[in-house]
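For reference, the structure is listed below as structure tokens.
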Amino acid sequence: MRSVVELTLARFEELVADALDAIPENLTGYMDNVVITVAEAPPEPGLLGLYEGVPLTERGEGYFGVLPDQISIYWREICAVCATPEEVVEEVRVTVVHEIAHHFGIDDERLHELGWG
């Protein structure tokens, strides 16, 4: 049986912040009306992150006055699928990039093609 990596919420939030800091500014500068949060548990088992909103590629002239897009990174779920703290760091990085890619309009199929599973 695989053991769960135990990290405090504060440490996990630092890992998410580090993953965001590693994304080039020329990309993050295009991010618009999006909030990234750490949540304890996903709405369904196995989900490590979730993007909810209107991707940048689908926003038109009528896009205004809407609530921010939401990216959730699931703390307990990521820790549960990783065997070491180092794996958690890598999984957080991959999950953050994956969900931000959805904000940019990149779907799961294309992400898989690009190696971001």
Should [X] and [Y] be regarded as members of a common hydrophobic cluster, given that ILVMFWY residues are connected when their side-chain heavy atoms come within less than 4.5 Å of each other, either directly or indirectly?
| X | Y | value |
| --- | --- | --- |
| Val34 | Val66 | no |
| Trp75 | Leu48 | yes |
| Ile78 | Leu50 | no |
| Leu27 | Val92 | yes |
| Leu56 | Tyr51 | yes |

> So which pairs with a foot in residues 61-72 pass salt bridge (Lys or Arg N to Asp or Glu O under 4.0 Å), sequence neighbours left out?
Replying inline: Arg59-Asp69
At their closest point, which heavy atom of [X] faces which heavy atom of [Y], and how far apart are they?
| X | Y | result |
| --- | --- | --- |
| Ala101 | Leu111 | CB-CD2, 3.5 Å |
| Glu87 | Ala83 | OE1-N, 2.8 Å |
| Glu77 | Leu47 | CG-O, 3.3 Å |
| Cys82 | Val88 | CB-CG2, 3.6 Å |

> Glu58: what forms a side chain to side chain contact (heavy atoms under 4.5 Å, CB included) with it, not counting sequence neighbours?
Replying inline: Val54, Pro55
>> The criterion is side chain to side chain contact (heavy atoms under 4.5 Å, CB included); which residues satisfy it with Glu109, sequence neighbours excluded?
In response: Asp107, Glu113
>> Could you tell me if the side chain of Ile100 sits less than 4.5 Å from the side chain of Thr28, heavy atoms only?
In response: no
> Do the non-hydrogen side-chain atoms of Ile23 and Val96 ever get within less than 4.5 Å of each other?
Replying inline: yes
Side-chain donor-acceptor pairs under 3.5 Å in residues 39-46, sequence neighbours left out?
{"unit_1": "Glu40", "atom_1": "OE2", "unit_2": "Arg76", "atom_2": "NE", "d": "3.1"}

> Can you tell which of His98, Glu91, Arg93 makes a side-chain hydrogen bond (donor to acceptor under 3.5 Å, both in side chains) with Thr95?
Replying inline: Glu91
>> Side chains of Asp32 and His103: any donor to acceptor distance under 3.5 Å?
In response: no
> What pairs with Glu52 under side chain to side chain donor-acceptor pair (under 3.5 Å), at least two apart in sequence or on another chain?
Replying inline: none
Contacts under 3.5 angstrom, residues 9-22 side chains, donor-acceptor by atom type, not counting sequence neighbours:
{"unit_1": "Arg11", "atom_1": "NH1", "unit_2": "Glu14", "atom_2": "OE1", "d": "3.1"}

